[in-house]
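Bear in mind the structure is a predicted one, so any value in this text is a computation, not a measurement. In what follows, chains carry the letters A, B, and so on, assigned in the order in which the sequence lines appear, proteins first and then strands, with residues in each chain numbered from 1.
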Number of protein chains: 2
Amino acid sequence: MTQATEAARRREPKALRREQLINATIDSLAKRGYAATTLADVADGAGLSRGIVNFHFASKDNLLTETIKFLQDEYTANWQAMLSRAAPDTVSQLLAMVTADLDKKICTPRKIAAWFALLTEAKTRPSYHQLAWERDEKYRTTLASICRTAKQEGGYRFDPQSTADAIYAMQEGLWLRMMLFGRSYRRETALSVVLDILSTIFPKHFAADGTPLKIHEEDHQRR
Amino acid sequence: MTQATEAARRREPKALRREQLINATIDSLAKRGYAATTLADVADGAGLSRGIVNFHFASKDNLLTETIKFLQDEYTANWQAMLSRAAPDTVSQLLAMVTADLDKKICTPRKIAAWFALLTEAKTRPSYHQLAWERDEKYRTTLASICRTAKQEGGYRFDPQSTADAIYAMQEGLWLRMMLFGRSYRRETALSVVLDILSTIFPKHFAADGTPLKIHEEDHQRR
DNA sequence: CGCTATTGAATGAACGTTCAACAAATTTGT
DNA sequence: ACAAATTTGTTGAACGTTCATTCAATAGCG
């Protein structure tokens, strides 16, 4: 590296270097898996020297905790933003939730792989477990409340919490499929599966061909 | 250990000792996770000495491959047996498939945890990947064919393959939930979520209260 | 010059694998 | 029938490697 770029690199603020290392961590998790990810891999991936991670993150454990926190923050911020930007009708809200989960920004092979690599270890790591639980709870309760509204609007018989659980579980299952069989199972495939099942579960909210319908409430009250 | 029991232990055939070590591996994977599972853990768990695994399995890698193979064989054999024992009507077949997935024998905390621990590493290990793919394909195509029959019987509009994918993904998602939040999310909870969503997806096959109905061949046309 | 970021070599712990020694079981020879 | 020889299963110590962490030395910055 030339001295000019070396100087420029050195001037980067701390937060940027941390993010750079977190990204190298995600890369390594996706490429090599949890067990085979070493600090040397991460440092090499970031183009930096061996001791650098312990300087910025104190320990490998902490680096991984910060990585899962990064992924979880990005995930939650993304669906919450998409939800608030969506139209207020039930179908739009529902679609916002499920397309956020499969959003191009979130749902990349490397991020999915890294997420599962960390999540699987969450069982034995309290700090990961806590983060997984938070992600879960927020999304799940929001989805359940949308299902409750939809039930009133469509006069459905299902139990809203149970249906929300089923939809959420299905999405996590599709993530798993994408992680394992990403070559044949992509975002677009998963999205069409989700849309199909939604139009089956909420038939009054979708046309026969699956087109979303906005339901107007003459005799229903919202939220 | 007394000499008598020591002698008895030594007489156990090779296959039994292998299964004993595989079980200790599942225990360790569930308790400590993939990364922290060592051969010393496995040997200690089985109450045997350090070098024993390399004698029976040649390498750690091979032990783990045999473990995932063991779990996958048990899983597949279980649902195929339950399916063949079930009544021939569509609802019974469908229920056999989904209850097999959540069967008490298969769906234990330790087996779920071990399965995910190994599966997550499958991305980077061709031999695991192959096994995961096999498990997937068999179950998925069987489920799709049942959905196809149900569609004819109930005059549903859904795409059978897509619906089967959604159901299967949901089940894997519920496994993930059980792994992560096993204290609050158990087999019984997951099962009720599955049954709820099935009666939503196949309304003609279930009564309003969710009771399964056997459909007879008169209803075959419509829409 | 003090301060902060970075480097890379040194350290020590953990782990998979190997192997010589031993013990039990089984086969062979007489 | 029984001892010797051989095979099979098991042990635990030794070995070499890998890895996270530490730290003294260094370089850029204001």
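Remark: B:K111 pairs with B:E74 by the side-chain hydrogen bond (donor to acceptor under 3.5 Å, both in side chains) rule, at least two apart or across chains. Partners of A:F158 according to the ring-ring contact (aromatic ring centres under 6.0 Å, His included) rule, which considers only residues two or more places apart in sequence or in another chain, are A:Y156, A:F202. Here B:E137 pairs with B:R140 under the salt bridge (Lys or Arg N to Asp or Glu O under 4.0 Å) rule; sequence neighbours left out. By the side-chain hydrogen bond (donor to acceptor under 3.5 Å, both in side chains) test, B:S28 is found to be paired with B:R32, B:T37, residues two or more places apart in sequence or in another chain being considered. With sequence neighbours left out, B:D61 forms a side-chain hydrogen bond (donor to acceptor under 3.5 Å, both in side chains) with B:R125. B:Y128 meets the ring-ring contact (aromatic ring centres under 6.0 Å, His included) test with no other residue; sequence neighbours excluded. Looking at residues two or more places apart in sequence or on another chain, you find no side-chain hydrogen bond (donor to acceptor under 3.5 Å, both in side chains) involving A:T99.
Two end axes, each from the C1' atoms of five base pairs, can be drawn for the helix from C:dC1-D:dG30 to C:dT30-D:dA1; they diverge by 10°, to 10 degrees.
Across residues 26-34 of chain B, not one residue has a non-hydrogen atom less than 4.0 Å from an atom of DNA chain D. Against DNA chain C, the stretch residues 55-67 of chain B makes heavy-atom approaches under 4.0 Å through B:S59, B:K60.
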Hey, what are the protein-to-nucleotides 8-13 of chain C N/O distances that come in under 3.5 Å?
none

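More than 12 heavy atoms of other residues, nucleotides or ligands sit less than 6.0 Å from atom NZ of A:K60.
Residue pairs satisfying the salt bridge (charged side-chain N to carboxylate O under 4.0 Å, His left out) criterion with at least one member in residues 184-201 of chain A, sequence neighbours excluded, are absent.
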